[in-house]
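Notes to accompany the following structure.
No hydrogens, no waters, no symmetry mates; every other heavy atom, side chains included, goes into these values.
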Amino acid sequence: MMKCCCLIVFIFCTIGVSNGGILSGICHSSNGTCGKKGVPCKETFGSDWTSNGKCCDDRPCCKFLKVPCVPETCPKGFNLLSNQTSSANCYYTNEATWNIAAGSCASTAGAYLWRPNTEQEANAVEKEFNLPQSRAVWTGANDIDNDGIFTFDIENGPLSFNDLPFGAESGTTNNVCVLITNSGTSWLWVKFSCTSVNRYICEYKLRVCP
């Protein structure tokens, strides 16, 4: 009699009940993943998980909620490049000291002072905004905290003068803000006084649905 009872309980848990009460294999294979008894799904799997019924043993059936993809457009004042094969991001330009430029870019949520990744991107930005050759342009690269390590503001990617993404270093000053300029033959990265007024580019990484 005892063996028969255990078998019934096992079958009951495995098959499940479709009224939102007990779920098991159904939960695991299609409706979610069984969590820990007495523990909310968010605490077990993360903030993007929610309860979707129950598994055996009163464990929650946890389901991942995929955030719907919403196509974006550029923020007001920002523009896409005409040549988007070089970059699909949005850009804005103006003139200011490095600190004011960085603050201006950061005032648009998701935007940051330019991080030029390739020579093709730099050429496309120069052409898009009709920047005169040899015109210096602020990048987000800086060593404001004077630790000897250059990183891009907000975006936080590293910049190594020993391994530049393109172009070459020009000069070896102790200034902590970095601009780039097109010499006519190559792009040059220059450590320059942060209080100098130069052209700057704000960049906004456009998230595009697949």
Is there side-chain contact between [X] and [Y], with heavy atoms separated by less than 4.5 Å?
X	Y	value
W187	P165	no
C177	N99	no
L81	V125	yes
L159	T139	no
W49	T44	no

Is [Y] reachable from [X] through a run of hydrophobic residues whose side-chain heavy atoms are each under 4.5 Å from the next?
X	Y	answer
L131	W114	yes
I180	F129	yes
F161	V137	yes
L164	V178	yes
I154	F152	no

Can you name the residues that form a side-chain hydrogen bond (donor to acceptor under 3.5 Å, both in side chains) with [X], not counting sequence neighbours?
X	value
T195	S193
S160	none
N94	Y92
S183	T185

No-hydrogen, no-angle side-chain donor-acceptor test under 3.5 Å, E128 and N79: no
Qualifying disulfide bond (SG atoms under 2.5 Å apart) pairs, either residue in residues 88-166, two or more places apart: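 Sorted result for residues 88-166: C74-C90, C105-C202.
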Can you sort out the partners of [X] under side-chain contact (heavy atoms from CB on, under 4.5 Å), two or more places apart, ordered by chain and number?
X	result
N89	S87, Y91, Y112, E203, K205
D143	D145, D147, F150, V176
F192	W138, L179, V190, S196, N198
S107	none

Looking only at heavy atoms, which two atoms of [X] and [Y] are closest? And how far apart?
X	Y	answer
Q133	N182	CG-O, 3.6 Å
P60	S51	CB-OG, 4.5 Å
A102	D153	CB-OD2, 3.6 Å
A141	W98	O-NE1, 4.0 Å
T97	C194	CB-O, 3.5 Å

Flag, side chain of [X] to backbone of [Y], donor-acceptor distance under 3.5 Å:
X	Y	answer
T93	Y200	yes
N123	E121	no
T173	K191	yes

Nearest-0.5 Å distance that lies between atom [atom1] in [X] and atom [atom2] in [Y]:
X	Y	atom1	atom2	result
N175	N142	CG	CG	12.5 Å
K37	C55	NZ	SG	12.5 Å
T108	Y204	OG1	OH	9.0 Å

Members besides I100 in its Ile/Leu/Val/Met/Phe/Trp/Tyr cluster (side-chain heavy atoms under 4.5 Å): none
By salt bridge (Lys or Arg N to Asp or Glu O under 4.0 Å) - contacts of E95 (at least two apart):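 Listed in chain order: R135, R199.
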Residue list, salt bridge (Lys or Arg N to Asp or Glu O under 4.0 Å) with E155, at least two apart or on another chain: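 Testing E155 for salt bridge (Lys or Arg N to Asp or Glu O under 4.0 Å), a comparison that skips the adjacent residues, returns R115.
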Whether over 12 other heavy atoms sit under 6.0 Å from N146 CG: yes
Separation of SG atoms, C62 and C34, below 2.5 Å: no
